[in-house]
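Letters A, B, ... are given to chains in the order of the sequence lines, protein chains preceding strands, and every chain is numbered from 1. Keep in mind that the numbers below use all heavy atoms, side chains included, and drop hydrogens, waters and symmetry copies.
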Amino acid sequence: MGPGLLLRQARQQLLGCPETRGPPRAQERAVPIIPKQQEQTEKDLLLWRIRHSTAHLMAQAVQDLFPGTRLGFGPPVRNGFYYDFETEHPFSDADLKRIEKRMRELRKARAPFLRREITRADALALFRGQGEHLKAEHVETLEDGTITLYQSGSFQDLCAGPHVEHTGELQHFKLLGVSGSYWRGDEHRERLQRIHGTAWSTKQELKEHLGRLQEAKRRDHRILGRQLGLFEFPELAGPGLPFYLPNGALVMEEMKRWMWQLHVSGAYGHPDKPYEPLLTPHILRTEAWHTSGHIQNYRENMYMVYSLDELDHGLLKGAAGEGLGNYGLKPMNCPGHVMVFGLGKKSYRDLPTRYFEFGTVYRYERSGTLHGMLRVRGFTQDDAHIFCTPEQYPSEVEGVFDFCCHVLDTFGFDYHVGLKTRGEKRIGSDDIWDMAEDGLRSVLEKRAAGKYYVQEGDATFYGPKVDFVIKDSLGREWQGGTIQLDFNLPRRFDLGYIDSHGKPCRPVMIHRAIQGSFERFFGLLVEEFAGAFPLWLAPVQVRVLPIGLDQREYAQQVATALRSAGFRAQADGSAETLNKKIRSGKTAKIPYLVVVGARELEQGTITVESYFDGKLRQITALDHFVEHLAKEVAAKVARRR
RNA sequence: GCCCAUGUAGCUCAGUGGUAGAGCACCUCCUUGGUAAGGAGGAGGUCACCGGUUCAAGUCCGGUCAUGGGCUCCA
């Protein structure tokens with residue numbers, strides 16, 4: 001059991017029924033956010049040494065089998081290690097087997113890891129002499145006096161260490177795959193091949209880890225999505241364009257209904273004045289995307305649209321001489337919302353103005369980056385833009401922060417929070433960025449002191465941001481909710497309001513999404529619950545199973561009664577055994593199965609089978625069951641196995 | 001986009017150059033059952049697509065497309 005699960009249990013005890021509580025209390029907020037940096041235990045350090053040393057062993061095996069292969073970086077990572085190699089030879093799966101075999105031979109030498117300090121000049125000479133130009137390049141970035149080499153057997157490598165005592169200790173490892181990578185992560189630099197593997201201190205741990213990888217497959221939203229009839233990606237439609245099937249559409253619309261309600265009620269984060277809905281177009285004149293800066297800063301992600309008639313007749317006016325066509329398909333909703341704010345004169349009394357829209361956007365994502373529902377090309381954001389005075393923005397950010405926490409806590413997600421600061425590609429002056437970053441930092445200090453982490457250079461081009469990050473079944477991190485400060489778009493669109501002294505002023509703008517995109521959140525939800533949705537979201541909440549022919553009509557009646565009580569219920573009229581019907585219902589992860597046989601028909605009762613709790617003996621009356629369902633839906637009970 | 005791998009029935013997968021297979025799902029019939037797969041029969045494939053080698057290609061080669069694991073990028 002990880003710390004995440006413990007936290008989740010503690011939190012569920014704390015939270016009680018989410019729909020009946022008021023705005024979040026400080027103690028609640030203190031619980032859910034998981035600090036990214038966790039203390040390293042002795043065990044972690046041991047594994048770190050094992051993995052790092054195994055990377056060395058692998059590099060030795062590779063250079064043994066493929067002389068002339070040059071080395072990049074080879075660090076330990078979560079659950080394992082990798083090493084980047086530069087070579088003409090493309091590594092195949094068969095090569096991996098050979099390399100692993102060679103590693104097992106080499107480790108038998110029980111070669112000690114010997115540490116040696118070396119001067120910068122000597123290190124440079126050494127690696128240049130060996131033709132290890134990448135290593136040499138790395139040495140150039142190091143300070144003299146801190147450079148160490150580690151030698152094990154015939155293999156030596158630039159390395160800060162520490163390592164295990166000798167290669168004999170490296171036993172429980174497995175090479176998992178080969179992939180492409182770039183030197184220093186820069187796609188303009190040398191193309192390298194990365195071999196990654198996993199390594200542990202005992203055979204049992206290795207076995208368990210490989211088991212967990214198998215288990216993760218059971219939760220994979222792409223597999224469950226197909227099994228449960230949630231969504232598909234028809235090849236003809238184009239990659240990254242999800243189609244919601246009936247079950248998925250039911251979940252999604254229920255989710256949107258809830259999110260809509262949270263916005264227009266303003267219950268979480270903004271009780272003073274709720275969000276107001278907007279509906280804006282999917283395409284805007286290219287000039288609008290110039291004004292917003294998207295053409296200049298986001299062009300690699302943008303789709304352009306044009307009318308074939310205009311194209312055929314040579315009537316297309318190239319936008320700003322770029323020949324881009326007249327319209328851009330929206331990759332973001334912000335320019336539309338900004339234009340709405342810009343309509344008519346605004347007073348300080350109108351602020352803060354909070355516009356939201358479940359806006360569908362399209363972004364050209366490079367083909368290799370697409371990933372089920374977690375990374376698509378067409379998706380719908382629960383997007384909002386808040387226009388406020390500079391004085392108001394800290395409390396606005398706090399409100400959004402609380403909103404995000406509420407939504408994530410409703411499902412009991414483990415998540416962490418990060419501050420992303422300015423990068424190379426940006427618009428606006430440094431003063432403005434200082435102000436924006438300090439503003440976000442002060443809110444984080446207030447709400448999540450010591451629990452957030454900072455990623456320098458990861459901001460958007462228009463402002464710094466706070467991101468909420470959730471992990472998928474394999475532990476990969478995905479950004480969900482986001483709060484982005486923007487002092488730039490208001491200026492680019494020349495937004496203004498009149499302050500209490502009658503003076504024209506520039507509003508501050510906050511871009512924010514709570515779930516991020518419905519698609520990604522949905523995918524993560526499927527993985528979190530292994531496809532067994534909370535009752536309130538389940539596409540089919542109840543399935544009624546008649547035992548025999550004589551109860552088919554009764555089963556229909558029960559299902560109809562449940563539907564008129566507001567639940568998604570269906571009757572199973574198939575000519576199958578009860579066992580088969582139970583199995584089908586459980587496989588479909590339906591929260592409640594109702595079994596009706598001769599006994600129930602006679603007495604006008606039902607027998608309830610719960611996905612999580614088995615037979616509910618205390619519920620025999622339909623009224624009672626309806627009450628039970630209603631309570632569970634209202635409380636948004638979120639259980640998982 | 002880059003590296004490696006994969007693509008055979010709706011799904012999961014066998015099939016190593018000689019006329020396309022299984023299980024589940026689907027359809028029909030029998031069975032009407034008390035908490036995780038009742039029985040029999042049937043239908044279903046341009047072996048992702050295009051080209052090449054060969055007397056002969058699901059199988060070998062090349063290209064394209066899609067998917068998976070990574071890199072890079074992001075909600």
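A:Arg70 pairs by the salt bridge (Lys or Arg N to Asp or Glu O under 4.0 Å) definition with A:Glu86, not counting sequence neighbours. A search for salt bridge (Lys or Arg N to Asp or Glu O under 4.0 Å) contacts involving A:Arg552 returns nothing, not counting sequence neighbours. Contacts of A:Arg184 classified as salt bridge (Lys or Arg N to Asp or Glu O under 4.0 Å), with partners at least two apart in sequence or in another chain: A:Glu137. For the salt bridge (Lys or Arg N to Asp or Glu O under 4.0 Å) test, residues two or more places apart in sequence or in another chain that qualify with A:Glu357 are A:Lys330. In terms of the ring-ring contact (aromatic ring centres under 6.0 Å, His included) criterion, residue partners of A:Tyr83 (sequence neighbours excluded) are, by chain and number, A:Phe85.
Taking atom P in both B:G58 and B:C50, the straight-line distance is 12 Å, to the nearest Å. Only the P atoms considered, B:G68 is 41 Å distant from B:U35, to the nearest whole Å. When the C1' atom is used for both B:A40 and B:C55, the distance is 44 Å, rounded to whole Å. Comparing the C1' positions of B:U59 and B:A14 gives a spacing of 14 Å, expressed to the nearest Å. One C1' atom belongs to B:G51, the other to B:C11, and the distance between them is 31 Å to the nearest Å. Remark: the separation of the P atoms in B:C47 and B:A20 is 9 Å, to the nearest Å. Comparing the P positions of B:C4 and B:G41 gives an interatomic distance of 48 Å, to the nearest angstrom. When the P atom is compared between B:A57 and B:A48, the two are found 15 Å apart, to the nearest whole Å.
For the 3.5 Å distance criterion, the side chains of A:Thr577 and A:Asn579 fail to qualify, holding no donor opposite an acceptor. In the model, A:Tyr415 has a side-chain atom that pairs as donor or acceptor with a side-chain atom of A:Asp409 under 3.5 Å.
Residues from residues 241-254 of chain A lying near RNA chain B, meaning a heavy-atom separation below 4.0 Å, are absent. Only A:Val178, A:Ser179, A:Gly180, A:Ser181, A:Tyr182, A:Gly185, A:Glu187, listed by number, bring a heavy atom of residues 177-190 of chain A to less than 4.0 angstrom from any atom of RNA chain B. Near RNA chain B, defined here as any heavy-atom distance below 4.0 Å, the residues from residues 572-596 of chain A are A:Ala575, A:Glu576, A:Thr577, A:Leu578, A:Asn579, A:Lys580, A:Ile582, A:Arg583, A:Lys586, A:Val595, listed numerically.
Applying the side-chain hydrogen bond (donor to acceptor under 3.5 Å, both in side chains) test to residues at least two apart or on different chains, the pairs with a partner in residues 230-245 of chain A are A:Arg226-A:Glu232, A:Tyr244-A:Glu519. Screening residues 589-609 of chain A for salt bridge (charged side-chain N to carboxylate O under 4.0 Å, His left out) gives A:Lys586-A:Glu609 as the qualifying pairs, with residues at least two apart or on separate chains.
Closest-nucleotide positions on RNA chain B for A:Ser92 and A:Glu365 were compared, and the one nearer the 5' end corresponds to A:Ser92. Heavy-atom distances to RNA chain B give each of A:Gly372 and A:Arg194 a nearest nucleotide, and the one nearer the 5′ end belongs to A:Gly372.
Using a cut-off of 4.0 Å between Lys/Arg side-chain N and Asp/Glu carboxylate O, A:Glu527 and A:Arg476 are scored as not salt-bridged. Ion pairing between A:Lys471 and A:Asp414 fails under the 4.0 Å rule for side-chain N and carboxylate O. Salt bridge present: A:Glu215 and A:Arg218 bring a charged side-chain N and a carboxylate O closer than 4.0 Å. Note on A:Glu254 versus A:Arg257: salt bridge recorded, some NZ/NE/NH1/NH2 to OD/OE distance being below 4.0 Å.
Backbone-only engagement by A:Pro90 is indicated by non-hydrogen atom pairs under 4.0 Å involving sugar-phosphate atoms exclusively. Nucleic acid contact for A:Lys217: none, since no nucleic acid atom lies under 4.0 Å from a heavy atom of the residue. When heavy atoms are screened at a 4.0 angstrom cut-off, A:Gly614 is found touching no nucleic acid atom at all. Residue-level contact check: A:Val376 touches the bases, meaning some heavy atom is under 4.0 Å from a base atom. A:Arg226 comes within 4.0 angstrom of the backbone, heavy atoms only, and of no base. Nucleic acid contact class of A:Arg476 (heavy atoms, under 4.0 Å, all strands): sugar-phosphate only. A:Tyr364 comes within 4.0 angstrom of the backbone, heavy atoms only, and of no base. When heavy atoms are screened at a 4.0 angstrom cut-off, A:Phe91 is found touching the sugar-phosphate backbone but no base atom. The residue A:Arg222 sits close only to the backbone: its heavy atoms come under 4.0 Å of sugar-phosphate atoms, none of a base. Across all strands shown, A:Glu600 has heavy atoms under 4.0 Å from base atoms, whether or not it also approaches the sugar-phosphate. Note on A:Arg191: only backbone sugar-phosphate atoms sit closer than 4.0 angstrom, heavy atoms only; bases stay farther off.
Along RNA chain B, the stretch of nucleotides lying under 4.0 Å from any heavy atom of chain A spans, 5' to 3', B:G1 to B:A75.
Aromatic pair A:His263/A:Phe403: ring centres closer than 6.0 Å.
Contact annotation: the side chain of A:Thr421 never approaches that of A:Pro464 to less than 4.5 Å [non-hydrogen atoms, C-beta and beyond]. Side-chain contact between A:Asn333 and A:Leu278 is absent, with no heavy atoms from C-beta onward closer than 4.5 Å.
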Intra- and interstrand pairs of RNA chain B - dot-bracket, Watson-Crick/G-U under 3.5 Å, | marks other strand: (((((((..((((....[..)))).(((((.......))))).....(((((..]....))))))))))))....

Step-by-step side chain to side chain contact (heavy atoms under 4.5 Å, CB included) determination, A:Arg377 to A:Leu370: CA-CA 8 Å; A:Arg377 284 180 173 161; A:Leu370 301 174; 3.8 Å; yes

Test ring pair (Phe, Tyr, Trp, His ring centres under 6.0 Å) applied to A:Phe411 and A:Trp258, step by step: CA-CA 13 Å; A:Phe411 299 101; A:Trp258 175 59; 5.7 Å; yes

